[in-house]
Amino acid sequence: MQTNLADFIKDTREGKEAEDILRKCVHCGFCTATCPTYQLLGDELDGPRGRIYLIKQVLEGKPATAKTQQHLDRCLTCRNCETTCPSGVQYGRLVDIGRQVVEKQVGRPLFQKINRAALKAVLPRKWIFNPAMKLGQSLRAVLPKALQNKVPVAQDAGLWPQTEHARKMLLLDGCVQPAMSPNINAATARVLDAMGVQLQIAPKAGCCGAIRYHLNEHEDGLNDMRQNIDAWWPYVEAGAEAIVMTASGCGATVKEYGHLLAHDEAYAGKAGKISMLTRDLSEILPEFQPQLVQRLQGKLSKRIAWHPPCTLQHGQQIRGKVEGLLTAIGVDVRLCADSHLCCGSAGTYSVLQPKLSYQLRDNKLRNLEATDAEMILSANIGCLTHLQSGTELPVQHWIELIDRALQDSVISQDLPEAGSAPIVVNKTE
């Protein structure tokens, strides 16, 4: 694709990156075949190729309009198109650049401004979000359905293991996941503890930066990233093996710290090291597959439908690891039709674009339920909450299934064999 970028951007870091990406596009249109919003709306401008043209026009100096902004807003940033593209177009990076330029040129209606400002202010700040979520959970029964969909039922995280191990890894606690589904990180800690690995959390680490960055507040998002690097660095210097991600959306972002902060002399080296150390949980657990098979094979007979999040299969290009591990320990893993398509959660998308989001959710659930599974497993808090809002089937993180099975196996080992002396429980009056 030939480009002639306008003076306001052509010599900037973003402009040079955008030009490199644009020049890779060969207009083939393969991306439209796997774009969820193009499939729903049938509009070329609501597919990757059309959005690339819109961004190109804006970067070449054509004024953006509210329609331009609408088409870019409708993009899920699922990056399915990147998986499909034969030319290696990094569409996700291009749309981030294009959206920020358009944001500066086009004003938004008051309601949109308030909505987006609230998301940027509340979600990344635990001290605001956590009590708000607890209040919502206590009032959940009387909340309107639209709010109930965003407020999962309160759950007990269980115990966090206290055993010291020689092997240590860091865990990104995250911003919304600890309040919405605290059992995920606790389950991860318990499973890795059983494998001889101690998980550590840096108290000063927070949001991965994705929320503000993808809402066009790039500098605020980068500051969130810098804060995490500062929080993690002492642990890295102390020898932490890896930084474990239990939310694939966060993992996709942290793995890009090295690229996003490459221009920052103070953080470039550290950011590169952090990205190198970052691993999705599905990249960690296969190391322990023999131990898990030994302990769990034959004890799990669940039929599960696996929903691979976009940030896992497209953003991080990780496929087959969760399915392979679960199958090895005896789980009947089923993929639904169109498993490559987004469920509609997409970070803040389900709040900002509810109509499209719920259409995608319902389509995804129709396919997942058609597998005749007993439960749905996934790997990202947004997907889990979004899918659960539309189905009676339990929707859980895949590590929760393994954690529960390991706990059950311990209990069964502790129970007396048939015919042995009964356990006597002494009661005090």
Side-chain angles (χ1 to χ4, degrees), residues 31-55 64-84 91-92 94-96 98-99 102-103 106 108-109 111-116 118-120 123 144-150 210-211 214-216 248-249 252 307-311 313-315 336-369 376 378 380-391 395:
C31 53
T32 59
T34 56
C35 174
T37 52
Y38 178 79
Q39 290 189 12
L40 287 181
L41 300 170
D43 187 333
E44 175 75 9
L45 297 179
D46 284 314
R49 183 170 61 179
R51 293 185 181 114
I52 287 173
Y53 275 113
L54 290 175
I55 294 168
T65 66
K67 291 293 289 183
T68 308
Q69 190 175 64
Q70 181 185 51
H71 290 300
L72 297 186
D73 283 351
R74 284 176 178 168
C75 173
L76 295 143
T77 323
C78 67
R79 297 169 67 179
N80 203 332
C81 53
E82 292 186 18
T83 297
T84 308
Y91 171 83
L94 182 64
V95 79
D96 278 337
R99 280 171 168 161
V102 171
E103 192 79 16
V106 181
R108 290 185 179 275
F111 176 75
Q112 284 191 27
K113 288 181 180 179
I114 294 172
N115 203 7
R116 296 168 77 90
L119 292 170
K120 288 182 281 192
L123 297 185
K145 178 62 175 172
L147 286 178
Q148 281 188 7
N149 289 346
K150 309 302 179 190
I211 290 173
H214 293 311
L215 285 171
N216 305 324
S248 59
H307 167 61
C310 297
T311 43
Q313 62 173 325
H314 304 308
C336 72
D338 293 332
S339 62
H340 61 287
L341 291 181
C342 183
C343 70
S345 173
T348 59
Y349 191 90
S350 63
V351 176
L352 299 173
Q353 301 286 333
K355 183 178 178 181
L356 292 173
S357 177
Y358 285 128
Q359 282 183 265
L360 291 168
R361 181 201 67 179
D362 293 345
N363 290 346
K364 176 63 69 174
L365 284 172
R366 193 176 303 114
N367 289 338
L368 287 167
E369 291 171 351
I376 298 168
S378 194
N380 192 56
I381 184 62
C383 303
L384 298 171
T385 306
H386 192 56
L387 291 172
Q388 188 66 84
S389 71
T391 182
V395 183

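The shown structure was predicted, so the numbers you read here are calculated from the model rather than taken from an experiment.
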Legend entry - Side chain proximity check, C310 to L76, heavy atoms < 4.5 angstrom: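 Of all side-chain heavy-atom pairs linking L76 with C310, none is under 4.5 Å.
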
Legend entry - Minimum side-chain heavy-atom gap N216-R116 below 4.5 Å: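 Result yes, sub-4.5 Å side-chain heavy-atom pair found.
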
If only atom types and distance count, is the side chain of [X] paired as donor or acceptor with the main-chain N or O of [Y] below 3.5 Å?
| X | Y | value |
| --- | --- | --- |
| N380 | G249 | yes |
| T391 | L387 | no |
| Q39 | G42 | no |
| S389 | N149 | no |
| R49 | T32 | no |
| R99 | H214 | no |
| Q313 | S339 | yes |
| E82 | G92 | yes |

Shortest non-hydrogen contact between [X] and [Y], atoms and distance:
| X | Y | value |
| --- | --- | --- |
| Y91 | C75 | OH-SG, 3.2 Å |
| A346 | C342 | CB-SG, 4.5 Å |
| V102 | Q69 | CG1-CB, 3.8 Å |
| H314 | T83 | ND1-OG1, 2.7 Å |
| S378 | L384 | CB-CD2, 3.7 Å |
| N367 | A337 | ND2-O, 3.2 Å |

Inset, instruction - Determine the sole option in Q359, R366, R361 for which the side-chain hydrogen bond (donor to acceptor under 3.5 Å, both in side chains) test with N363 is passed. - result: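 Going through Q359, R366, R361 one by one, the side-chain hydrogen bond (donor to acceptor under 3.5 Å, both in side chains) with N363 is satisfied by R366 alone.
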
In Å, rounded to the nearest 0.5 Å, how long is the span from [atom1] of [X] to [atom2] of [Y]?
| X | Y | atom1 | atom2 | result |
| --- | --- | --- | --- | --- |
| L119 | T348 | CG | OG1 | 5.5 Å |
| T37 | D73 | OG1 | CG | 11.5 Å |
| L356 | D46 | CG | CG | 8.0 Å |
| H386 | H307 | NE2 | NE2 | 9.0 Å |
| S357 | K355 | OG | NZ | 13.0 Å |
| L215 | L352 | CG | CG | 6.5 Å |

Any side-chain donor near an acceptor of the partner, [X] and [Y], under 3.5 Å:
| X | Y | answer |
| --- | --- | --- |
| Q148 | K145 | no |
| H340 | T34 | no |
| S350 | K150 | yes |

Legend entry - Member of L365, L40, L341 meeting the side chain to side chain contact (heavy atoms under 4.5 Å, CB included) criterion with L360: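 Output: one option passes, namely L40.
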
Legend entry - N-O pairing of R74 and D43 below 4.0 Å: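 Looking at R74 and D43, the cut-off is not met.
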
